Number of protein chains: 2
Amino acid sequence: MRHQNHFGSWWHSKLRGCGYRITEGREAILNFLAGSDKHLSAEDIYMAIRPNCPNVGLTTIYRTLDILVNMALVYRFDFGDGRARYELTEGPKGAHHHHHLVCTECHKIVDYTDFINEEVKLLHETEKGLSKKYGFKITNHLIQFYGMCASCSPKK
Amino acid sequence: MRHQNHFGSWWHSKLRGCGYRITEGREAILNFLAGSDKHLSAEDIYMAIRPNCPNVGLTTIYRTLDILVNMALVYRFDFGDGRARYELTEGPKGAHHHHHLVCTECHKIVDYTDFINEEVKLLHETEKGLSKKYGFKITNHLIQFYGMCASCSPKK
DNA sequence: TCCTTAATGGAAATGATTTTCATTTATAAT
DNA sequence: ATTATAAATGAAAATCATTTCCATTAAGGA
Ligand SMILES: [Mn+2]
Ligand SMILES: [Mn+2]
Ligand SMILES: [Zn+2]
Ligand SMILES: [Zn+2]
């Protein structure tokens with residue numbers, strides 16, 4: 001069983017660097033996000049963390065997620081089911097950029113990385129053109145495909 | 001001053017075709033959407049319509065927009081300002097497909113059509129590949145670029 | 001350890017959207 | 001045109017994710 005680094009997990013320095021304190025709640029939230037490949041709602045996180053941290057409130061989840069989104073450590077998505085969903089932007093190994101496939105019926109989400117290279121290349125060109133033409137400083141993009149997943153499609 | 005077609009506007013047949021009745025509220029909502037190039041919230045529409053239709057309630061706006069979104073006559077967007085925004089998918093002339101540039105600071109939205117051809121071409125290829133691989137029947141896509149508009153960017 | 005101030009949680013507030021339900025009205029049949 | 005029927009409606013209440021308030025706690029530099 002390997003030790004935790006004496007100085008804490010990889011995000012400690014990021015939080016500290018932005019002047020934020022390391023707290024039990026923040027640690028639990030980041031740890032849980034890092035160990036999940038799902039698209040989690042604030043309440044998902046709240047419920048998951050509760051057994052170990054019964055003293056961390058839902059308000060703290062929301063506040064922490066706001067901070068993490070602003071620091072670009074976490075993405076916030078709207079998949080159309082009425083609640084925000086969160087996902088770590090990268091792991092210790094670095095970013096693993098992907099886009100989404102959303103079932104409009106059951107709200108299943110698929111992360112995909114196929115075609116990502118071509119997509120990202122085109123996106124970069126597009127960004128450059130749009131930046132120049134409209135004077136925007138583009139920092140981010142969102143690509144989602146909507147449709148019906150196999151199990152929601154009418155059975156033949 | 002030109003006449004309205006005796007059979008009504010172009011969307012009458014679409015509504016009727018789906019078994020919906022033509023009502024004052026629906027007519028007003030569609031007319032207003034058709035005459036606007038903005039990205040309107042339910043309340044925007046409510047306020048805009050009120051002078052002519054003081055008897056159309058906000059509830060009807062929401063209900064009508066739901067129908068129109070389901071009929072794919074209207075797109076519903078989330079630009080991150082806490083309310084849904086709506087836009088007609090096409091005019092009498094047909095679709096004018098476009099994507100969005102969103103200022104994360106002031107929530108200004110820019111419709112752009114530059115690069116649309118290349119984007120759409122790539123998207124179609126991507127859709128085909130994803131459909132096959134993940135068994136999704138893709139009907140729609142969403143592309144948004146986020147950043148800071150010229151007036152929100154720190155003045156040099 | 002002590003001190004300053006960020007961080008917290010629980011309750012209350014907020015605000016967009018939805019639901020309820022009694023009433024109205026579009027429209028097809030007469 | 002009249003009538004019958006189910007769809008559509010508005011107003012008020014309910015919902016529910018997220019935010020705000022505020023008194024209390026605790027992180028971390030000195
Ligand atoms: Mn994802
Ligand atoms: Mn638009
Ligand atoms: Zn599905
Ligand atoms: Zn702006």
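Per chain, numbering begins at 1; letters A, B, ... match sequence-line order. All values derive from a computational prediction rather than experimental measurement.
The phosphate of C/dT19 (OP1 or OP2) has no side-chain N or O of B/T59 nearer than 4.0 angstrom. The shortest distance between the side-chain N/O atoms of B/R16 and the OP1/OP2 oxygens of C/dA28 is below 4.0 Å. A close approach under 4.0 Å does occur between a side-chain nitrogen or oxygen of B/R83 and OP1 or OP2 of C/dA16. In terms of phosphate contacts, A/Y62 brings a side-chain nitrogen or oxygen within less than 4.0 Å of OP1 or OP2 of D/dT18.
Rounding to whole angstrom units, CG of residue A/L58 and P of D/dT18 are separated by 9 Å. Atom pair B/E24:CD and C/dT24:P shows a separation of 16 Å (rounding to whole Å applied). Rounding to whole angstrom units, CD1 of residue A/I22 and P of C/dT5 are separated by 20 Å. Computed from coordinates, the B/E27 CD to D/dA8 C1' distance equals 15 Å when rounded to whole Å. Taking atom CG on B/N70 and atom P on C/dT18, their separation rounds to 11 Å, with Å as the unit. Spacing between atom CG of A/D66 and atom P of D/dA17 amounts to 16 Å, rounded to whole angstrom units. Between the CG atom of A/L15 and the P atom of C/dA6 there is a distance of 16 Å, given to the nearest Å. The separation between A/I67 atom CD1 and D/dA27 atom C1' is 14 Å, rounded to whole Å.
Checking C/dA26, C/dT8, D/dG28 against the side-chain heavy atoms of A/T23 singles out C/dT8 as nearest. Looking at the side chain of B/A84, the nearest of the listed nucleotides C/dA26, D/dT18, C/dT17 is C/dT17. You'll find that the side chain of B/R63 is closest to C/dT20, out of C/dT20, D/dA17, D/dA26. Closest to the A/R26 side chain, of the nucleotides C/dA16, D/dA8, C/dA7, is C/dA7.
The nearest heavy atom of DNA chain C to B/R85 and to A/G25 marks one nucleotide each, and the one closer to the 5' end goes with A/G25. The nearest heavy atom of DNA chain D to B/G19 and to B/Y46 marks one nucleotide each, and the one closer to the 5' end goes with B/G19.
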message: For a ring-ring contact (aromatic ring centres under 6.0 Å, His included) check, start with the C-alpha distance between A/F145 and A/H99, then their side-chain angles and the critical distance, and finish with the verdict.
response: CA-CA 8 Å; A/F145 285 95; A/H99 294 158; 8.3 Å; no

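Using a cut-off of 4.0 Å between Lys/Arg side-chain N and Asp/Glu carboxylate O, A/R85 and A/D78 are scored as not salt-bridged. Salt-bridge check for A/D114 with B/K133: passed, with a basic side-chain N closer than 4.0 Å to an acidic carboxylate O.
Contact check for A/W11 versus A/N31: side-chain heavy atoms found under the 4.5 Å cut-off.
In this pair, A/F77 and A/Y75 present their aromatic rings tilted. The plane angle is within the 30 to 60° band.
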